[in-house]
Amino acid sequence: MLRQPFGSVLHNTMDYVIKMSEIHSETEAIARAKKGDPIAQRYLYQKYRTKWYMICLRYLPNKADAEDALQNGLIHIFSKLDQFDPKLGEFAGWTSRIVANDCIISIRKNHKNLVVQKIENDLPVCDHEENVLDKISREEILKMIQSLPTGYRTIFNMFVFEGYAHKEIAEHLSISEGTSKSQLFKARKMLQALLEVMI
Amino acid sequence: MEDMHNKLDDFLRSQLNDSSEDPFWNVPDDAIFEKAMLLVPTGRKKRRKVWIILSLLLLAGLIGSMYFHDNQIRVLQQKINNPPESIFHQSPVAESVISKSKNALSDLSSSDNLSSSQGAPIELPGKIGKQGKLKSSSISSINHRLANGTSENYKSEVRLNLDKNVSHQLKVELQSTAADIKYRGERLSNQAITKLKWIQTRTLPLLSLPDPERIAKERDLVYPNVTLQKTAVSPSTLRLGILLSSNQSWYSMKKIPISRDVKLYAYDNSQPGFGISGFMEKLLSKRLSLRTGVGYHSFKNRSTLESQIYFDMANVVETSTGEAIYQTDLALMNPLGDYSTLIEFPVNDQMHQNDLMQENTQIKQIIKSVDLNASLNYAVIFKQHFNLSLGTGIGFAYRTGLDNEFDVSLYHNDILYKNQTELPTQLNEDRRWYGQTFGKIAFEYRPSDRLGLIFESQYISGITSLRNAGINKNGPQTYLHAFIFSAGITQGF
């Protein structure tokens, strides 16, 4: 549970809404946020907060951990905003990588050993038609990923959603490439089994 | 198999990467954003860094200019004492004049012939007669005039009275700074030195001229009838100053009860505290001074408390919404005293009676205090425009404010529960008065006798505990330590 921090600022809602409407594009918001414009910062936060929070929830099933990681990610994003160059990539991708890195750091801090020892040998391998998968809601999918053991979940997220290669995952988590590949395989098998149960 | 994996990955990505906002799901609390923005460095903090860099550059520039200044004096003194050889060989008599002038200057610094009454004025050697002949005369004793008859507060200066009939104004390059000439440790005034050099350098341009022209010009020169009266200049004996400072502080703790279940650590704080202070400094001798001061400082400190508690089903309560909540009093030992607070977190079916839970509390405390202090300072390097001094002293502080913030984290089976709380400003055991001792090094630059810029580095150490051990003198004790860096201005009177 996070309580309201001491001395936080309360905004006048109407005044805030009017000022937000003065921002016409993300590019303008980024330029103004770099200069410290709080309205522009809030504009960017409101546009991407769901995406960033989803990243945190994928890595950290505990809500308090996810909120802490999101807060750290916000601090890093807006502290390093000067370093963002739109010519090198999109803002969404740049910020997603920062938030994901903060999640990984949080996991590494709290979990010394990410390698899952238990081996589930009897997980069925399933193949599903797409129209069947559509019946599963986003919330259920998120819970499925959150239910994975920490090691599986971290490697799965890094590979599938953040696009890390196994070599990069191995360097980040101080494991071998082989371990990364095997943990990913097991994560997928477990997810497929969970899907089977749901359907 | 690979296709199946790719299909699963694509499906999951398409479902979870959709950034369209469902107002009822997955929207984080705005308080997270508010709190994060408080911790993002603003332009003001960035500008503070620029000011710090500019101040350091200014300090480097001041030190460099003083070195250059001193170097100019050394070069000038060398010119006075060692004029170019090309001038000497033209006139042996001029060489004698210059040599005796140098002796006169050195005699000024070594002569012990003082009297308290007005005596005959001294005459510089090297009078230039109308016929172009150079005469020399001996130096009589130097007379010392007292301004108000006291030996402690006397004023003196070297004044050269030139004959009004000096007409032939030769263009002479005068340096604006004075050579480092001393008489009995007293510095001769800049005006006196300038005039002494004028006398010497007045002859040099003549000597560089070809003979017929030189003789003609020498004929026009008038006797410089120089009288020498010496008075000394005393420095200001009282200085007032004001300083702005930043500090890094930490605790040292003794006799803190540590067990397997409870451990308390203090560690370095990454956030600096700030302060402002004023002082009055009385000069006891040329290098020794006594300073008294008053200041206001804030000290920020962090510590960590680790403990273990055992889950007790008797502490589980059900809320009005039917949620099971665990409530317990947690003993929050901290460097300034012990305090108990109520914490609560949701219960799940993984928790059982006597389960071990690890507790980790981050403690942030800000101590604000007013202090009075006295110190003795000794100038190890003492120059006309700057000095470097060492000092040591003692002080007493009164705590005017205390902020406490506790961030409690409880772990059960690797699941984290968090709680944040603030404590009252007065804890059960802390004391408001505490004593401290300090040592410091200070660098002061004085462009004039009245005004100075001062930079100080100070280490303070608490000599009394911030905790009131009460009747039990063997109880826990906490001492405050800090490095304080200050910059300010001084005014002499």
Side-chain angles (χ1 to χ4, degrees), chain A residues 1-11 35-36 38 41-42 45-54 56-58 62 64-68 70-75 77-79 92 110-111 125-128 130 133-134 136-139 141-142 145 150 159-161 185 188 191-192 195, chain B residues 1-47 325 343-346 364 403-405 407-411 414-422:
Chain A
M1 294 174 283
L2 273 179
R3 294 189 185 176
Q4 194 75 3
F6 174 73
S8 64
V9 176
L10 298 177
H11 289 281
K35 294 175 186 172
Q41 289 171 341
R42 183 170 280 271
Y45 167 73
Q46 287 215 324
K47 185 171 180 182
Y48 291 106
R49 60 183 177 178
T50 307
K51 184 182 183 65
W52 294 335
Y53 195 41
M54 176 67 78
C56 297
L57 287 172
R58 276 196 281 108
N62 181 276
D65 283 345
E67 288 176 343
D68 276 351
L70 176 62
Q71 181 178 304
N72 288 335
L74 289 171
I75 293 170
I77 288 168
F78 288 102
S79 297
N110 295 321
H111 298 271
V125 175
C126 307
D127 186 8
H128 300 281
E130 282 186 16
L133 293 175
D134 287 342
I136 304 172
S137 69
R138 283 195 297 175
E139 188 165 358
I141 292 170
L142 180 63
I145 294 176
T150 305
F159 185 86
V160 172
F161 290 96
F185 177 76
R188 281 173 169 153
L191 279 174
Q192 286 166 344
L195 276 170
Chain B
M1 177 76 77
E2 196 61 34
D3 284 343
M4 188 173 54
H5 286 161
N6 289 338
K7 207 162 48 167
L8 177 62
D9 293 351
D10 291 341
F11 167 71
L12 294 173
R13 271 194 290 266
S14 66
Q15 289 295 309
L16 297 184
N17 274 347
D18 180 6
S19 58
S20 60
E21 188 167 301
D22 181 340
F24 302 106
W25 183 69
N26 199 27
V27 177
D29 191 348
D30 271 356
I32 299 170
F33 174 73
E34 301 285 352
K35 195 174 179 185
M37 289 302 103
L38 290 175
L39 298 172
V40 171
T42 62
R44 187 182 302 170
K45 290 182 184 174
K46 289 178 185 172
R47 280 195 292 276
I325 298 289
I343 61 164
E344 54 184 33
F345 52 86
K364 292 180 187 174
D403 295 335
N404 298 288
E405 190 178 294
D407 223 316
V408 182
S409 301
L410 272 173
Y411 293 87
D414 291 336
I415 296 175
L416 174 64
Y417 302 90
K418 291 205 75 173
N419 208 304
Q420 190 175 35
T421 185
E422 292 166 13

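All heavy atoms count here, side chains included; hydrogens, waters and symmetry mates do not.
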Quick one: what part of A:Ile145 sits under 4.5 Å from any heavy atom of chain B, side chain, backbone, both or neither? side chain
A:Glu67/B:Lys35 salt bridge by N-O under 4.0 Å criterion: no
Do B:Asp30 and A:Arg49 come within less than 4.5 Å of each other through their side chains, counting heavy atoms only? yes
Taking side chain as C-beta onward, heavy atoms only, is A:Gln71 less than 4.5 Å from B:Leu39? yes
B:Arg13 side-chain N/O to A:Val160 backbone N/O, donor-acceptor pair under 3.5 Å: yes
I'd like to check A:Leu191 versus B:Leu12 (side-chain heavy atoms, cut-off strictly below 4.5 Å). Are they in contact? yes
Which atom names give the shortest non-hydrogen contact between A:Ile75 and B:Ala36, and what distance separates them? CG1-O, 3.7 Å
Distance col, row B:Asp29:CG vs A:Tyr53:OH, nearest 0.5 angstrom, shows 8.5 Å
Relative to the ring of A:Phe78, is the ring of B:Phe33 parallel (under 30°), tilted (30 to 60°) or perpendicular (over 60°)? perpendicular
